[in-house]
Amino acid sequence: MNYKSTILSASALLLGVFYSMAASPVPSDDNQQQYVIVLSMDGFRHDLPEHCNTPTLDSLKKAGVYTDVYPSFPANTFPNHYAMATGLYPDHHGVVNNTFYDKRAKAFRSVFSKDVLTENFWGGEPIWNTAERQGLTANIFMWPGSDILIGGHRPSKWMHYTPEPSYRERADWVIEAMTRPEEEIPHLVMWYFEEPDASLHHHGVFSKESIAQVEHIDSTLCYFFREIRRSPVFDRINFIVTADHGMTNLSEEHRLNLYNLLDTTQVIRTVPGSPFGLEVKPEYRKEALRILRRAGHLTAWAREQIPARYHYGSREDRITNIVLLPDLGWTLDYSPAPAPLKKAAAHGFDNYNPDMHMVFFASGPAFRRDYVHKSFQNNNLYLIICHLLGIEPAPNDGEWKNIRKMFHE
């Protein structure tokens, strides 16, 4: 059998598997507890499958629900993974960016450091705590925030992030959890891949290296969906495969250095990245905004005047008094001598721009089949999981009307 026919056969097999999963709605019998498995593939832009050979994801799309979801603002990893986990906008759960300045602590905070252990770093109630508080069990494998005590609680099983385990090894963790004796099987499993984000950053969105990484992920999923059929609760598992944000290419020509535009004696601090944080002396802010708005290739806001659609700016203690959003594909610097651009692609741009949108596949007994849903914001994942597990959600920013049509009536 040649390569192409092998791929088609595998795709047909998976399509049959997914159709069997989606064949009937959620049982009305309260004893028929549903199970949920959620995978996040960091940076998996919504249109990547169109450029790659992804028979597993193609089958999943055909057998269930698909849409391109858009991230919460800012379109970066930790704010969005925790928005998906809590249903809260980053402005409300407190992780306002991967790095921010905490005015109360008078210190920079980073999600990549021990800062995550500081009191009140994380707000809200993540889904694993919501589930366990209501008598269900959660096994969470390297999902950002899941290894931290939040509100004094953690999931029954959790794992610190490390890039060392292969994706097949990570798949095996989930398979092992779901093939235990039924009474030991967790009701909620969430797991995480740091790709294709890393490849996209380094090589660019549609580079051969990024395409190869996407196809590697798809082959891992083929293995996963084949092996997960051994679970004694397979016909009651609802699968969600999604991501945290999209990605767009950068270039040296699309850079803007703010250093020579502003009176540096009036600048208190900067928080580099996208969006770009700028704290200036209060008496200089109006003038700084006037200068920046004439610079081009960016949008400049006073923190409290960020448009309501972004749901951002209320955290005066963690957000600078000026917030700059570069145009798509542009990089902002503040330095007397900017270093060469280190990334081929990035995220953090306007979360409504299609380049920032990501995939959302869902299949299982609760979901409609071969259904393309209207786009929605990813913090609604929290409500989706609560509905699937039959649990009462904690306070959140999700909207049921935006997701209800993906489910069987």
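One-based numbering along the sequence shown. Quick caveat: nothing in here was measured; it's all calculated off a predicted structure.
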Atom [atom1] of residue position [X] - does it have more than 12 heavy atoms of other residues, nucleotides or ligands inside 6.0 Å?
X	atom1	answer
R104	CZ	no
E316	CD	no
E119	CD	no
H202	NE2	no
H153	NE2	no
K103	NZ	yes

Note: [X]-[Y] ion pair, threshold 4.0 Å (strictly below):
X	Y	value
D91	R315	no
E392	R133	no
E132	R154	no
R45	D197	no

Could you tell me if [Y] and [X] have a donor-acceptor pair between their side chains, going purely by distance under 3.5 Å?
X	Y	value
N98	N76	no
T56	D218	yes
D333	S335	no
Y192	D244	no
Q34	N238	yes
S72	N378	yes
H245	T77	yes
H203	S210	no

*Is a side-chain N or O of Y312 found less than 3.5 angstrom from the main chain of V96, in a donor-acceptor match?*
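Indeed, once roles are kept as given, a pair shorter than 3.5 Å links the two residues.
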*Hey, is the main chain of T137 close enough, under 3.5 Å, to the side chain of S156 for a donor-acceptor pair?*
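No, S156 side chain to T137 backbone: no donor-acceptor pair under 3.5 Å.
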*asked:* Does the Lys NZ or Arg CZ of R269 fall within the cation-pi geometry relative to Y101 - under 6.0 Å from the ring centre and within 45° of the axis?
replied: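 Geometry flag: set, cation within 6.0 Å and 45°.
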When the ring planes of [X] and [Y] are compared, do they come out parallel, tilted or perpendicular, using 30° and 60° as the limits?
X	Y	value
F73	W301	perpendicular
F78	W122	tilted
Y167	F193	parallel

_Which residue in the set T130, D397, T86 passes side chain to side chain donor-acceptor pair (under 3.5 Å) when paired with Y382?_
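Testing Y382 for a side chain to side chain donor-acceptor pair (under 3.5 Å) against T130, D397, T86 leaves exactly one candidate, T130.
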*Only one of F349, Y352, F360, Y310 forms a ring pair (Phe, Tyr, Trp, His ring centres under 6.0 Å) with Y70, so which one is it?*
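When F349, Y352, F360, Y310 are each tested with Y70, the ring pair (Phe, Tyr, Trp, His ring centres under 6.0 Å) holds only for Y352.
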*Test applied, ring pair (Phe, Tyr, Trp, His ring centres under 6.0 Å); reference residue, F239; option that passes from F225, F367, Y35*: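 Of the listed residues F225, F367, Y35, the ring pair (Phe, Tyr, Trp, His ring centres under 6.0 Å) partner of F239 is F225.
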*Is the centre of the W400 ring less than 6.0 Å from the centre of the F407 ring?*
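Ring-ring flag for W400/F407: true, centres closer than 6.0 Å.
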*asked:* Checking H201 against H347 for the side-chain hydrogen bond (donor to acceptor under 3.5 Å, both in side chains) test, could you report, in this order, the C-alpha distance in whole Å, the side-chain angles of both residues, the deciding distance, and whether it holds?
replied: CA-CA 9 Å; H201 275 308; H347 42 87; 3.1 Å; yes
*Apply the test ring-ring contact (aromatic ring centres under 6.0 Å, His included) to residues W191 and F224: give CA-CA distance (whole Å), side-chain angles for both, the deciding distance (0.1 Å), then the verdict.*
CA-CA 12 Å; W191 52 315; F224 169 75; 5.0 Å; yes
*Within a strict 4.5 Å, meaning less than it, do heavy atoms of the R293 and L298 side chains meet?*
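Sidechains of L298 and R293: no contact.
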